[in-house]
Novice: 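Input: one structure, supplied below.
Chain identifiers are assigned alphabetically (A, B, ...) following the order of the sequence lines, protein sequences preceding nucleic acid strands; residue numbering begins at 1 within each chain. Any value given below was found using the heavy atoms of this structure, including those in side chains, with hydrogens, waters and symmetry copies removed.
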Amino acid sequence: MSDHYDVIVIGAGPAGSMAAWHASLGGAKVLVLEKDRDIGLPVRCAEGVGAAGLQSLIEADPRWIANKIEGINLISPHGKRVHLANEDFGYVLNRKLFDNFLAEKASKAGAEILTKAYAEELLFDEKGDVNGVVFSRFGKRLSLRAKIVMGADGVESRVGRWAGIRTQLKLRDIETCVQFTMANVDVTPSDCDFYFSHERAPGGYIWVFPKGDGIANVGLGISGEYAQYQSPLRYLEDFVQEHFPKASVLTTTVGGVPVAPTNKQIVKNGFMLIGDAAHQANPISGGGIVPAMVAGKLAGQVAAEAVQTGDVSAAFLKKYERQWYKSEGNTHKITYRLKEAVYKLTDDDLNKTADSILSLPEGKRTIVAVFKKALYNKPSLILDALKVFKMSISEVFDPLS
Amino acid sequence: MIRIKEDRCDFCGTCVSVCPVDCIELRETVIKIDEKTCTDCKLCVYVCPIETLEFVDE
Ligand SMILES: Cc1cc2nc3c(=O)[nH]c(=O)nc-3n(C[C@H](O)[C@H](O)[C@H](O)COP(=O)(O)OP(=O)(O)OC[C@H]3O[C@@H](n4cnc5c(N)ncnc54)[C@H](O)[C@@H]3O)c2cc1C
Ligand code: SF4
Ligand code: SF4
């Protein structure tokens, strides 16, 4: 460890590791601080990613792919299944190995990584601009200076607030989630199942993502607005009791996903926010791995340029913000509007949507058709859906959205 | 005040993301609420996925 870095990244999730990797490739001297003892653990994820999104960033590697997904089933409250097939929908990852792999990439490119390193506060110069980090490790408190500090500290992010950025989420903008990884689950191994029901998962959905050998991630997220009446844990226990009474729970996973538009501010002088910390997960699906990687890559590249040109001002770092909106952020504004409408549908509306999709010939059953039917009385949102989903299904399927 | 049932906590950070006054501190396996700053708004209680937090009238 030296006492001065070009870039210090707080958090070694997909956002932080991608940023560290790409900033290092650009020639910056980078340090990553991770509070936990293991990168990639605990896994707080259903591990689904769309193939197109992932492959635009990194080559799929059998070392961290648990299963290939070739279809999705959208299941209505009355149990009707709308099946959408696509050979290249996506993958169920082994997220621990995946996060490790990205950290290794950063390390090989020259970044230094420290685990058990808990960032406690930021340091500021006389003008009030961020210029370093105080962290604790094995009982010692250390201060390090950096030209740029990045907050990649996930949904629990405090780093943005320390920098003076408002990041707290409204109740309606957090999905609160519980998942069981279960053995002895009887599902089609190449399909991901999504259950929609206002009664069983209000303001969210239930997922069953198979990992092979009868093992699957079975979980649900509900909107924070509804969690005050009944916790996601109780909803999940009811669902599992009904659908998989013979399965056993191997792992219990708990967590939150920001389902908001991108945070209003994501850069300041010498400071950048990325990934869940910047509310960059897809608001309708809650898929945050690929968006965090996209943001990390862009932020890392821009940080390296900033260091090279000697200009780490917010004005320069805004290049990252502009690129983010162009690649994902603008789409998220639309999917946020869609989410607000879709999650308000009653179970009756959802049943009718499923019935009318199933009355279409198989070839016409697409994601766009599903949204058209679901939002039939909201023409402006149908246009939104068309705008977003004119891309190929698998691009939208992130994860499996 | 907010009571933490520490044996239930999974240290997932969902509560931290909604706290308006940033008074929850979360390490790998430690959670603390700074009672002096806490406003008893209960948002953290609402979003905890596994009912770790509880509001108790003093
Ligand atoms: C139940 C659940 C299911 C999900 N399923 C999917 C899915 O199927 N597909 C998908 O794409 N997305 C999914 N997501 C979302 C996805 O996991 C996140 O969007 C993604 O991990 C965000 O990456 P990140 O790098 O921004 O943050 P994280 O992966 O959360 O990484 C943040 C890191 O920062 C560290 N950190 C925090 N504070 C500090 C500090 N003070 N000092 C040092 N380090 C710190 C944390 O320990 C953590 O390692 C799911 C989320 C949940 C909760
Ligand atoms: S949301 Fe609940 S389980 Fe998660 S850290 Fe907060 S108190 Fe613990
Ligand atoms: S009650 Fe409100 S202020 Fe207190 S810890 Fe919870 S969210 Fe924060």
Side-chain angles (χ1 to χ4, degrees), chain A residues 11 34-38 41-42 44 115-120 136 153-162 166-179 219-237 252-258 260 276-277 279, chain B:
Chain A
E34 168 54 52
K35 75 171 169 25
D36 290 349
R37 59 194 273 245
D38 281 301
L41 286 181
R44 299 197 190 282
T115 53
K116 288 191 83 68
Y118 178 83
E120 295 194 329
S136 64
D153 50 334
V155 69
E156 74 259 48
S157 178
R158 299 179 70 202
V159 173
R161 301 182 199 190
W162 296 339
R166 213 188 132 79
T167 60
Q168 57 265 38
L169 287 160
K170 298 190 197 98
L171 285 184
R172 67 204 283 195
D173 289 341
I174 178 102
E175 281 299 291
T176 150
C177 310
V178 182
Q179 169 181 280
L220 59 75
I222 66 173
S223 162
E225 259 181 324
Y226 297 102
Q228 53 187 303
Y229 308 111
Q230 182 175 311
S231 72
L233 179 62
R234 301 206 184 190
Y235 283 104
L236 183 61
E237 282 172 340
T252 303
T253 299
V254 174
V257 187
D276 278 10
H279 308 162
Chain B
M1 61 176 277
I2 305 298
R3 190 165 77 90
I4 307 171
K5 296 176 223 154
E6 281 176 41
D7 56 342
R8 272 186 96 102
C9 185
D10 198 58
F11 314 103
C12 71
T14 310
C15 53
V16 182
S17 74
V18 295
C19 177
V21 293
D22 190 29
C23 67
I24 310 177
E25 186 173 315
L26 189 71
R27 308 250 168 166
E28 191 171 17
T29 54
V30 180
I31 180 168
K32 279 189 212 143
I33 294 180
D34 175 12
E35 277 174 32
K36 285 200 289 297
T37 319
C38 174
T39 61
D40 282 344
C41 72
K42 294 189 252 180
L43 296 181
C44 56
V45 177
Y46 298 156
V47 299
C48 174
I50 50 173
E51 304 166 30
T52 303
L53 304 172
E54 189 178 44
F55 175 73
V56 284
D57 250 328
E58 280 157 296

Novice: Which region of B:Cys15, side chain (C-beta onward) or backbone (N, CA, C, O), has a non-hydrogen atom less than 4.5 Å from a non-hydrogen atom of chain A, or is it both or neither?
Specialist: neither

Novice: So with a 6.0 Å cut-off around NZ of B:Lys5, is the heavy-atom count from everything else above 12?
Specialist: yes

Novice: Please name the residue in the list A:Thr115, A:Asp36, A:Asp38 that meets the side chain to side chain contact (heavy atoms under 4.5 Å, CB included) test with B:Glu28.
Specialist: A:Asp36

Novice: Counting only non-hydrogen atoms closer than 4.5 Å, does A:Ser136 touch chain B with its backbone (N, CA, C, O), its side chain (CB onward), both, or neither?
Specialist: side chain

Novice: Check B:Glu25 against A:Tyr118 and note the closest heavy-atom contact, atom names and distance.
Specialist: CG-OH, 3.6 Å

Novice: Using a heavy-atom distance cut-off of less than 4.5 Å, which residues of residues 224-232 of chain A contact chain B?
Specialist: A:Gly224, A:Ala227, A:Gln228, A:Ser231, A:Pro232

Novice: Please look at A:Ile174 and chain B and tell me whether the side chain, the backbone, both or neither of the residue comes under 4.5 angstrom of a heavy atom of that chain.
Specialist: side chain

Novice: If you count heavy-atom pairs under 4.5 Å between each of A:Arg161, A:Arg234, A:Arg166 and chain B, which one has the most?
Specialist: A:Arg161

Novice: Looking only at non-hydrogen atoms, find the nearest pair between B:Cys12 and A:Glu156 and report the distance.
Specialist: O-OE1, 4.4 Å

Novice: If you apply the rule side-chain contact (heavy atoms from CB on, under 4.5 Å), what do you find for B:Leu26 with A:Arg158, and how did you get there?
Specialist: CA-CA 10 Å; B:Leu26 189 71; A:Arg158 299 179 70 202; over 6 Å; no

Novice: Less than 4.5 Å to any heavy atom of chain B: does that hold for the side chain of A:Arg37, its backbone, both, or neither?
Specialist: both

Novice: Using every non-hydrogen atom in the two residues, find where A:Gly255 and B:Pro49 come nearest and quote the distance to one decimal.
Specialist: O-CG, 3.9 Å

Novice: So, applying side chain to side chain contact (heavy atoms under 4.5 Å, CB included) with B:Ser17, which one of A:Asp276, A:Thr176, A:Thr167, A:Val155 is it?
Specialist: A:Val155

Novice: Near B:Arg8 CZ, under 6.0 Å, is it more than 12 heavy atoms from other residues, nucleotides or ligands?
Specialist: yes

Novice: Out of B:Leu43, B:Asp22, B:Thr14, return the one with the most heavy atom pairs under 4.5 angstrom to chain A.
Specialist: B:Asp22

